[in-house]
Amino acid sequence: MQSFEIDKSDVLKVKNAISAGDEILKEVLQDYHASEIAILFERLDKAEQQHIINLLPAEIASEIISEMDEESHPEDLLFKLHPDKRTEIVEELDYDDATDIISQLEDHEQKEILGDLNEEDASNIRNLLTYDEKTAGGLMNTDLICVNINLTKKDAIDEIIRQSEEMEEFYTIYVVDDQEIFKGIVSLKDIIKAKHNAQITELVKTDAVYVHPDTDQEEVAYLISQYNLTSIPVIDDHQKLLGRVTFDDVIDVMQEESTEDILKISGVSEDEELSGNWVEAVKSRLPWLIINLGTAFLASSVVRYFDPTIKLIPSLAAYMTIIAGMGGNAATQALAVTVRRISLYDLTDKQAYRTVLKEFTVGLINGAANGLIVFIFAYFFDGNPMLGLVIFLAMTGNLVIAGITGAGIPLILKRVGIDPAIASSIIITTFTDVFGFLLILGLASKLLL
């Protein structure tokens, strides 16, 4: 099965079906998976979305709303539905999905939706709403299969069958004692294969990996990836089992974190929606551009200082842009790799040192290679081998600086508690521009005049 992409013909097909009547629309919608309809919703207006949601059974409608992109604001669509339909949909949603959607609403809107639910569902969602959305508590689902450690194989299977009636799927069975203290995990395969008179206490794996509700979502994603888990239990400070985070939620987290890092490195606020209008984009980006403008004045002051040198050797002006541009690109490469390493691993001092040393080496080799190319160009085009030498040294030096700053700056910012993805790009651009101009103009002043 191939991934689904929005196609004009699909959008037109659905729109025509809406106009043709509900029976035709039902037939057309049968050709699409719930996640595909969620993608199609990006091209439909709110009235058309509501029409489709109201037409479909709550089970399918809940899947569509849970699969909708955050920027499509599924919470608004949900809240505007008739209270009865809205309640049916929320009751079909997993608790974590319901919490994610309801958390985006105003307080009075949340109270209205929760007030229509049965006490158990409302209580579970209210509890999940207390956790930060970017923690294990904010990701976890309280629906899980849990058995007592003192049960026999037969009793455990009966309990699993009973609890699984309300669940679509489960991967791991969690084990607790009489005080609901988490004791470990056991796989369904191990229970089935065990002898008839086996006890759960004989099958439980007590060294299971777990997280606390305040564990950052990136750490949760890292643990699930490192230990190849399908889900990870969430326990409180008293070792009581609270819920589980599943791998499908972690996939969403990894996409979210990657997008966030890319936007930050580019100097774009994480609050800017990818589908937002130009007003939101200006508000998000203008402050960073103004800061960058201030650092650009610092680089321009270096150029002004060497103005007499540029007047005597006008060709330096052309090569300056090459040196600065190459330094900026090299620094961005080193920055992207380092920020990604920081987001995936908690680097030790030794690992941080190796990271900087690696980027220094890469900068030295790449700088020398590119510097040699420009040296040859300057030698044949300008007929000046000394000019070529100046450019070679400036290129090599600036790419070394780019490597050191691209790796070193985010590591330093991380140590002092500043998000390296936010501030690093402006700092390293300043370094490569200032030192790039300083190297080529300073060396030219010494060696060519």
Side-chain angles (χ1 to χ4, degrees), residues 132 134-136 138-139 209 211-212 214-229 232 245 247 249-270 272 274 288 292 295 325-370 396-433 435:
D132 187 307
K134 292 192 174 183
T135 63
L139 291 173
V209 180
V211 293
H212 293 290
D214 58 352
T215 303
D216 185 84
Q217 61 179 11
E218 284 192 79
E219 176 68 12
V220 177
Y222 174 68
L223 288 171
I224 287 181
S225 174
Q226 180 181 12
Y227 292 99
N228 297 315
L229 305 174
I232 190 168
V245 179
F247 71 92
D249 293 316
V250 166
I251 292 173
D252 294 335
V253 167
M254 294 173 71
Q255 290 178 335
E256 177 187 327
E257 293 291 344
S258 296
T259 300
E260 184 179 308
D261 285 345
I262 291 170
L263 292 177
K264 285 179 179 178
I265 290 173
S266 304
V268 178
S269 170
E270 62 185 283
E272 179 182 335
L274 299 181
W288 293 104
N292 203 33
T295 62
M326 291 295 292
N329 288 334
T332 300
Q333 290 174 341
L335 171 63
V337 172
T338 304
V339 167
R340 189 59 185 153
R341 288 192 56 151
I342 291 173
S343 68
L344 291 176
Y345 314 106
D346 186 15
L347 299 181
T348 63
D349 290 340
K350 188 174 183 180
Q351 289 172 322
Y353 169 76
R354 287 180 176 176
T355 298
V356 176
L357 181 61
K358 169 197 166 186
E359 295 301 336
F360 167 83
T361 306
V362 171
L364 180 63
I365 296 172
N366 287 343
N370 284 280
T396 304
N398 203 30
L399 262 66
V400 167
I401 290 169
I404 294 173
T405 55
I409 295 299
L411 289 168
I412 293 172
L413 291 175
K414 178 69 174 179
R415 290 299 170 90
V416 298
I418 299 175
D419 189 337
I422 294 177
S424 296
S425 60
I426 292 177
I427 297 174
I428 66 169
T429 300
T430 303
F431 266 92
T432 54
D433 285 352
F435 281 96

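Remark: T405 pairs with I401, I409, I428, F431 by the side-chain contact (heavy atoms from CB on, under 4.5 Å) rule, at least two apart or across chains. Listed by chain and number, the residues in a side-chain contact (heavy atoms from CB on, under 4.5 Å) with R354 are K350 (sequence neighbours excluded). Listed by chain and residue number, A136, V211, H212, E219, V220 satisfy the side-chain contact (heavy atoms from CB on, under 4.5 Å) test with T215 (two or more places apart in sequence, or in another chain).
Of the candidates V337, T338, V339, V339 is the only one forming a side chain to side chain contact (heavy atoms under 4.5 Å, CB included) with L335.
If you take CG on L223 and CD1 on I232, they are separated by 4.5 Å, rounding to the nearest 0.5 Å. Here CZ of F435 is found 11.0 Å from OG1 of T430. Values are rounded to the nearest 0.5 Å. Summarising the geometry, atom CD belonging to E359 is positioned 10.0 Å from atom CG belonging to L411; distances are rounded to the nearest 0.5 Å. Of the inter-residue distances, the one linking L399 atom CG with M326 atom CE reads 5.5 Å to the nearest 0.5 angstrom. Here CG of D433 is found 8.0 Å from CG of N398. Values are rounded to the nearest 0.5 Å. Distance check: T361 OG1 to N366 CG gives 10.5 Å after rounding to the nearest 0.5 Å.
Of all the heavy atoms in G403 and A334, the pair that sits closest is O-CB, 4.2 Å. Here the closest non-hydrogen pair linking L229 and V209 is CD1-CB, 4.3 Å.
You'll find the side chain of D132 stays beyond 4.5 Å of the side chain of D214, heavy atoms only.
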